[in-house]
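Beneath this line is the structure, given in structure tokens, with notes to follow.
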Amino acid sequence: MKMNYKTLIAICSCLWLSAGAYGQTQLKLWLPSSLDAHEKGAYQKAAEAFAQKNPGIKVNVAVVPGSETDVAKLMTAVRSGAGPDLAVIDRFTVAQRAAAGLLTDLTPLIKKEGKDLSQEYTEGPWQEVSYQKKVYAVPTNTDARVLFYNKQILKEAGIDLAEFDPARGPIAPDRFQEIALKLNQTDSTGAYTRIGFVPWLEQGWGYTWGYAFGGSFFDFAGCKVTATDPGVVKGYQFLYDWAKALDPQKARTFVDTYWQWPSTGTLPPAQMPFFTGKVAFIITGNWVFAAMKDAAPNLEYGVTYVPAPNGLKTSWSGGWSVAILQGTKNVDAAYQLLRSVTGEEGQTFLVKEAASLPTLKSLQQRKDLYAPEYEFFLSLLPVSKSRPPLPVGALYWDTLKEAEESVITNSQTPDAALKAVVDEVQPQMDRFCK
């Protein structure tokens, strides 16, 4: 069989390219589908930047079904030997995933690197990625939760905006309810067309209101779930009473009509009730600036503290982390990628693309990274709390959400709903108490 020169060159080129691709170390990075589009884009850019600097490593980024507490697909893949090398994990669940044997202990890799990373990252996020004095992930971004208000709606209603000046501290819950309820509007059938404030919309979780009323969710000294702490109960009572004032069914119909969150969350960001003027107030975080830039660039808004009694300044922070999964065959390369994505370059992508706050102390001090609207959020970080990092953290979150649902439908009292949380979670926690 004869072969001409050009054909030979083409075959050799293909073999050379195949050999080059074959010689690359392949890494898989999984992102949970619950990340918003801006966050996904930031992680993708961070992975691409790493790959450009490390041509011997190919990074395959995939978005897979999952959320803060739903890692069923990830867990199945890892245990079947078909899992990714790395995954983005909600920080407050790291302890639970580590206890389940899903994550690789990073402590030896950090020691090999020769850096004390605990001094480079802020304390709260670093505590969340540690379990039993070992490190199982490295933090990426963080945030803070505040009260946003629509200045135009308030001014049209004759409400003095000075009441929401952060310099005056948090507005008292009773006074806040008095103002918010006046802003409700209904149509001829009695259905709401605007609600001043829906306390459980967006980031109005049980943690938000439990902390606002001075509650504590876990006693580390006693290894006890403290969902029935008086402050937590008061926070859930706040939700119960507000739902009752709105009429639980009418409020649910309103949320399902205009936002469908947190039940399904299928509407696009441009239809967020705060952007469209369907609500005058909302509890949310700094990440909303990324969506606001596209969906509501001309919105006249202000931010202030979460309403709380006795002038208590509260917020809570969450965020993501990157972990190496059990079973990866490329631990060293995976650690290189992890350190890049969670380092200054990766976190800068998250700040610029997803309106995140960094967990690196060095970047928090870089004021040139932030527009003026970030200052209030950054100022809250020293007082902002975190969800307790527990080996039952995901379970605790889910049961607290169930309690919240029963409270905002007025189907259970806060005392009964939160006692049920303790009854379900504490026996599981007892397995890890010494």
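Here, residue 1 is the first one in the sequence, and each next residue gets the next number. Every heavy atom of this structure was used, including side-chain atoms; hydrogens, water molecules and symmetry mates were not.
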- Query: Is the backbone of Ala72 close enough, under 3.5 Å, to the side chain of Asp70 for a donor and an acceptor to pair up by distance?
  - Reply: yes
- Item | Asp90 backbone acceptor or donor facing Arg97 side chain under 3.5 Å | no
- Heavy atoms only: give me the nearest Pro382-Leu378 pair and the separation to one decimal. CD-O, 3.7 Å
- Message: Looking only at the side chains, is there a donor atom on one of Thr208 and Gln203 sitting less than 3.5 Å from an acceptor on the other?
- Response: no
- Looking at side-chain heavy atoms only, is the closest gap between Leu360 and Glu120 below 4.5 Å? yes
- Is the number of heavy atoms from other residues, nucleotides or ligands within 6.0 Å of NZ (Lys293) greater than 12? no
- Does the cation-pi check pass for Arg387 over Trp316, that is, NZ or CZ under 6.0 Å from the six-membered ring centre and within 45° of its axis? no
- Message: Any non-hydrogen side-chain atom of Thr122 less than 4.5 Å from a side-chain atom of Lys361?
- Response: yes
- Task: Indicate the ring-plane relationship of Tyr207 and Tyr396, choosing parallel, tilted or perpendicular according to the 30° and 60° boundaries.
- Result: perpendicular
- Taking all heavy atoms of Tyr335 and all of Glu113, pick out the closest pair and write down the distance. OH-OE1, 2.5 Å
- Item | Donor-acceptor pair between Glu404 and Trp209 side chains, under 3.5 angstrom | no
- Query: Taking atom NZ of Lys28 as the centre, does the number of heavy atoms from other residues, nucleotides or ligands within less than 6.0 Å exceed 12?
  - Reply: yes
- Task: With side chain to side chain contact (heavy atoms under 4.5 Å, CB included) as the test, would you mind laying out the steps for Asp229 and Phe217 before giving the verdict?
- Result: CA-CA 7 Å; Asp229 174 89; Phe217 286 86; over 6 Å; no
- Query: OG1 of Thr69 to CH2 of Trp397: how many Å apart, nearest 0.5 Å?
  - Reply: 8.5 Å
- Task: Could you verify whether a donor N or O on one side chain and an acceptor N or O on the other, from Glu48 and Gln52, lie under 3.5 Å apart?
- Result: no
- Item | Pairwise distance CG(Leu381) to CD(Glu123) - rounded to 0.5 angstrom | 13.0 Å
- Item | Heavy-atom pair of closest approach, residues Arg145 and Ile283 | CB-CG2, 4.4 Å
- What do you reckon, is CD of Glu373 surrounded by more than 12 foreign heavy atoms closer than 6.0 Å? yes
- Answer whether the closest heavy-atom distance between the side chains of Leu201 and Ile282 falls below 4.5 Å. yes
- Trp126 side chain to Leu117 backbone, donor-acceptor under 3.5 Å: no
- Query: Should the pair Phe238 and Phe213 be assigned to parallel (<30°), tilted (30 to 60°) or perpendicular (>60°) ring geometry?
  - Reply: tilted
- Query: Closest approach of Phe275 and Val288, non-hydrogen atoms and distance?
  - Reply: CZ-CG2, 3.8 Å
- Parallel, tilted or perpendicular: which fits the ring planes of Phe220 and Phe218, with parallel below 30° and perpendicular above 60°? perpendicular
- Are the side chain of Thr76 and the backbone N or O of Lys73 linked by a donor-acceptor pair below 3.5 Å? no
- Message: Are the side chains of Glu375 and Lys367 in contact, using a 4.5 Å heavy-atom criterion?
- Response: yes
- Query: Is any side-chain heavy atom of Thr342 closer than 4.5 Å to a side-chain heavy atom of Tyr121?
  - Reply: yes
- Message: Is it the case that the side chain of Thr142 and the backbone of Gly318 share a donor-acceptor pair, with hydrogens and angles ignored and the cut-off at 3.5 Å?
- Response: yes
- Query: Has the side chain of Asn286 got a donor or acceptor atom that lies under 3.5 Å from a matching backbone atom of Ala144?
  - Reply: yes
- Item | Worked verdict on Glu345 versus Phe50 for side chain to side chain contact (heavy atoms under 4.5 Å, CB included) | CA-CA 9 Å; Glu345 184 173 50; Phe50 171 81; 5.9 Å; no
- Message: Tell me whether Lys40 at atom NZ has more than 12 heavy atoms from other residues, nucleotides or ligands lying less than 6.0 Å away.
- Response: yes
- Does the Glu39 side chain pair with the main chain of Ala354, one donor and one acceptor, at a distance under 3.5 Å? no
- Message: Minimum heavy-atom separation for Leu369 and Val351, please, with both atom names.
- Response: O-CG1, 4.0 Å
- Message: Has Ser67 got a side-chain atom pairing as donor or acceptor with Ser34's backbone, closer than 3.5 angstrom?
- Response: no
- One should read off an interatomic distance between Gln271 CD and Tyr258 OH, to the nearest 0.5 angstrom, of 11.0 Å
- Message: Could you go through Ser321 and Glu128, starting from their C-alpha distance and side-chain angles, then the distance that decides it, and tell me whether this counts as side-chain hydrogen bond (donor to acceptor under 3.5 Å, both in side chains)?
- Response: CA-CA 9 Å; Ser321 62; Glu128 286 183 299; over 6 Å; no
- Query: Is the shortest side-chain N to carboxylate O distance from Arg366 to Glu344 below 4.0 Å?
  - Reply: no
- Query: How about Thr328 and Asn330: does a side-chain donor come under 3.5 Å of a side-chain acceptor?
  - Reply: no
- Query: Does atom NZ of Lys250 have more than 12 heavy-atom neighbours, drawn from other residues, nucleotides or ligands, at distances under 6.0 Å?
  - Reply: yes
- Message: I'd like to know if the side chain of Ser384 reaches the main chain of Ser317, judged simply by a donor and an acceptor atom lying under 3.5 Å from each other, with no hydrogens or angles considered.
- Response: yes
- Query: Would you say Pro358 and Tyr370 make side-chain contact, with heavy atoms under 4.5 Å?
  - Reply: yes
- Steps toward side chain to side chain contact (heavy atoms under 4.5 Å, CB included) verdict (Leu109, Ile324): CA-CA 11 Å; Leu109 295 166; Ile324 297 176; 4.2 Å; yes
- Close side-chain approach of Leu325 and Leu103, heavy atoms under 4.5 Å: yes
- For the residue pair Asp105 and Thr107, confirm or rule out a side-chain donor-acceptor distance under 3.5 Å. yes
- Query: Going from CZ on Arg91 to OG1 on Thr140, what distance comes out if it is rounded to the nearest 0.5 angstrom?
  - Reply: 6.5 Å
- ring-ring contact (aromatic ring centres under 6.0 Å, His included) partner of Phe281, chosen from Tyr301, Trp242, Phe148, Phe164: Phe164
- Show your reasoning for whether ring-ring contact (aromatic ring centres under 6.0 Å, His included) applies to Phe376 and Tyr305. CA-CA 9 Å; Phe376 183 60; Tyr305 297 99; 5.0 Å; yes
- Taking atom types as modelled, find out whether Gln336 and Asp332 have a side-chain donor-acceptor pair closer than 3.5 angstrom. no
- Query: Do any N or O atoms from the side chain of Asp219 and from the backbone of Gly222 form a donor-acceptor pair under 3.5 angstrom?
  - Reply: yes
- Message: Nearest 0.5 angstrom please: Gln26 CD to Lys58 NZ, how far?
- Response: 6.5 Å
- Message: Evaluate Val341 against Leu86 for side chain to side chain contact (heavy atoms under 4.5 Å, CB included), listing each step before the verdict.
- Response: CA-CA 11 Å; Val341 174; Leu86 307 96; over 6 Å; no
- Item | side-chain hydrogen bond (donor to acceptor under 3.5 Å, both in side chains) between Gln347 and Thr359, worked out | CA-CA 8 Å; Gln347 292 203 24; Thr359 53; 2.9 Å; yes
- Tyr374 ring center within less than 6.0 Å of Phe289 ring center: yes
- Message: To the closest 0.5 Å, what do you measure between NZ (Lys134) and OG1 (Thr104)?
- Response: 12.0 Å
- Message: Are the side chains of Leu357 and Gln364 in contact, using a 4.5 Å heavy-atom criterion?
- Response: no
- Message: Between Gln127 and Ser386, is there a side-chain donor-acceptor contact under 3.5 Å, judged purely by atom types and distance?
- Response: no
